[in-house]
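Notes follow the structure.
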Amino acid sequence: MKNKINKVKELALKEIGKAKDIAEIESLKVKYLGRKSELVNILRTLKDLSQDKRKEIGEAANKLREEIESGIRDQELEIRKLEFSNIEEKERIDVTYPGSVNQKGHLHPLTQVRYEIEEIFKLMGFLIVEDREVEDEFHNFDALNMPKDHPARDMQDTFWLKSGCVPRTHTSSVQIRFMENNKPPFRILVPGKVYRNENTDATHESNFHQVEGLIVAKSGKVTVAGAKSIIAEFMKGLFGEDTKIRLRPSYFPFVEPGFEFDASCPYCKGEGCRICKKTGWIELGGAGMVNQNVLVSVGLFEDEYEGFAFGFGTERMAMIKYGIDDIRLFHSGDLRFLEQF
Ligand code: DAH
């Protein structure tokens, strides 16, 4: 029995001395002091021994327990000391190490251009107005002097909803919404999404953006000359100080007289190049004196007020500004494209 105790002691102390971490120490505690350990086994057999033997072996076994326990305590201390002596090395922080930088996003190019356009018009006293994207027929067409059988409706074919409403085909509908609730004089600028039943190609999308402008005041206060200078200021702000504009007679049901406005090509400065198809001019939008029928449709008396309206596509402005040749890039989600802005 004495022999066995010595063997256990030798083995235990040797193993304990080699333990390298606390987990190892814990399992050695179980192995040498736990319920299934040799030591407990020995203690269990004590009751079968003679009194003398029991005393002798009992004392030896208790001594063994103390030695194992103190061996474990010492080794544990040793391990902890080692851990802490290393801590500076292990947990060293290199403050000069370059950090991992989060990739920052930025506004979509169309949003950037939209904000830029808004800023220019705000400086000229325009109020930025937004309204619904799904419109009824009255606000999208009828009130804008486009009754049911008007051929101009063909140019703005769209997706009709079962309710008889349409995803608006232009932001001009907001002219009507605003005039129903506000008394002139005012100047508003209406950016927003519009929808058309278009076959998608490099210059057409079925979902795109427009900006509508509307100035209304007492008759005699609004002139084409004045409005033209506003458009000229806008074009200079967006494309550069040396930009010129011109109005060409055109037709839109909601204006009379109506125009299309062009800007001198910002690439060739009017010389003629690939972008402007050698004309020196780039077609940008529509404009005109608000047709009296439109003013009457919102309850204003004929000839009491006059207005000037204009509208253009946000994508088109961005494409000209940045030299983008395919409108589909905007909604492609392609980061190689987006990261250039
Ligand atoms: N609403 C027209 C369109 O989507 C654009 C437009 C043309 C707006 C002339 C106007 C305007 O206010 O006067 O094609």
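Both counts, for ligands and for their atoms, begin at 1 and track the order of listing. Side chains are part of it too, since the values below use all heavy atoms of this structure and drop only hydrogens, waters and symmetry mates.
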Does [X] have a non-hydrogen atom less than 4.0 Å from ligand 1?
X: Q156; result: yes
X: M146; result: no
X: F259; result: no

When you compare ligand 1 with F252, is there at least one nitrogen or oxygen pair between them that comes in under 3.5 angstrom?
no
Geometric N/O contact T169 with ligand 1, under 3.5 angstrom:
no
In ligand 1, the atoms that come under 4.0 Å of a heavy atom of A309 are 12 (O), 13 (O)
Pull out every atom of ligand 1 sitting under 4.0 Å from any heavy atom of Q210, numbered as shown with elements.
3 (C), 4 (O)
Side chains of residues 274-287: which donor-acceptor partners sit under 3.5 Å, not counting sequence neighbours?
unit_1 : atom_1 : unit_2 : atom_2 : d
T279   : OG1    : C276   : O      : 2.7
T279   : OG1    : W281   : N      : 3.1
T279   : OG1    : W281   : O      : 2.9

Return each pair, listed once, that meets ring-ring contact (aromatic ring centres under 6.0 Å, His included) where at least one residue sits in residues 183-211; pairs must be two or more places apart or across chains.
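Sorted pair list: F178-F186.
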E69 and R65, any side-chain heavy atoms less than 4.5 Å apart
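They are in side-chain contact.
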Are L214 and F310 close enough that some pair of their side-chain heavy atoms sits under 4.5 Å apart?
no
Have a look at E130 and tell me which of R177, R114, K193 forms a salt bridge (Lys or Arg N to Asp or Glu O under 4.0 Å) with it.
R114
To which protein heavy atom is [atom] closest, and what is the distance rounded to 0.1 Å?
atom: atom 6 (C) of ligand 1; result: F254 CE1, 3.8 Å
atom: atom 14 (O) of ligand 1; result: R196 NH2, 3.6 Å
atom: atom 12 (O) of ligand 1; result: E212 OE2, 2.6 Å

Would you say D131 and S173 are linked by a side-chain donor-acceptor pair, where the criterion is simply a distance under 3.5 Å?
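Judged by distance alone, the side chains do not pair up.
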Within 45° cone and under 6.0 Å: K218 NZ/CZ vs Y305 ring:
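Positive - K218 is close enough to the ring of Y305 and near enough to its axis.
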Heavy-atom pairs closer than 4.0 Å: do any link ligand 1 to the side chain of M155, the backbone, both, or neither?
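It is neither part, as no heavy atom is under 4.0 Å.
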For ligand 1, note which part of A287 has a heavy atom under 4.0 Å away: side chain, backbone, both or neither.
backbone
Would you call the rings of F312 and F234 parallel, tilted or perpendicular, taking 30° and 60° as the class edges?
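Geometry flag for F234 against F312: parallel rings.
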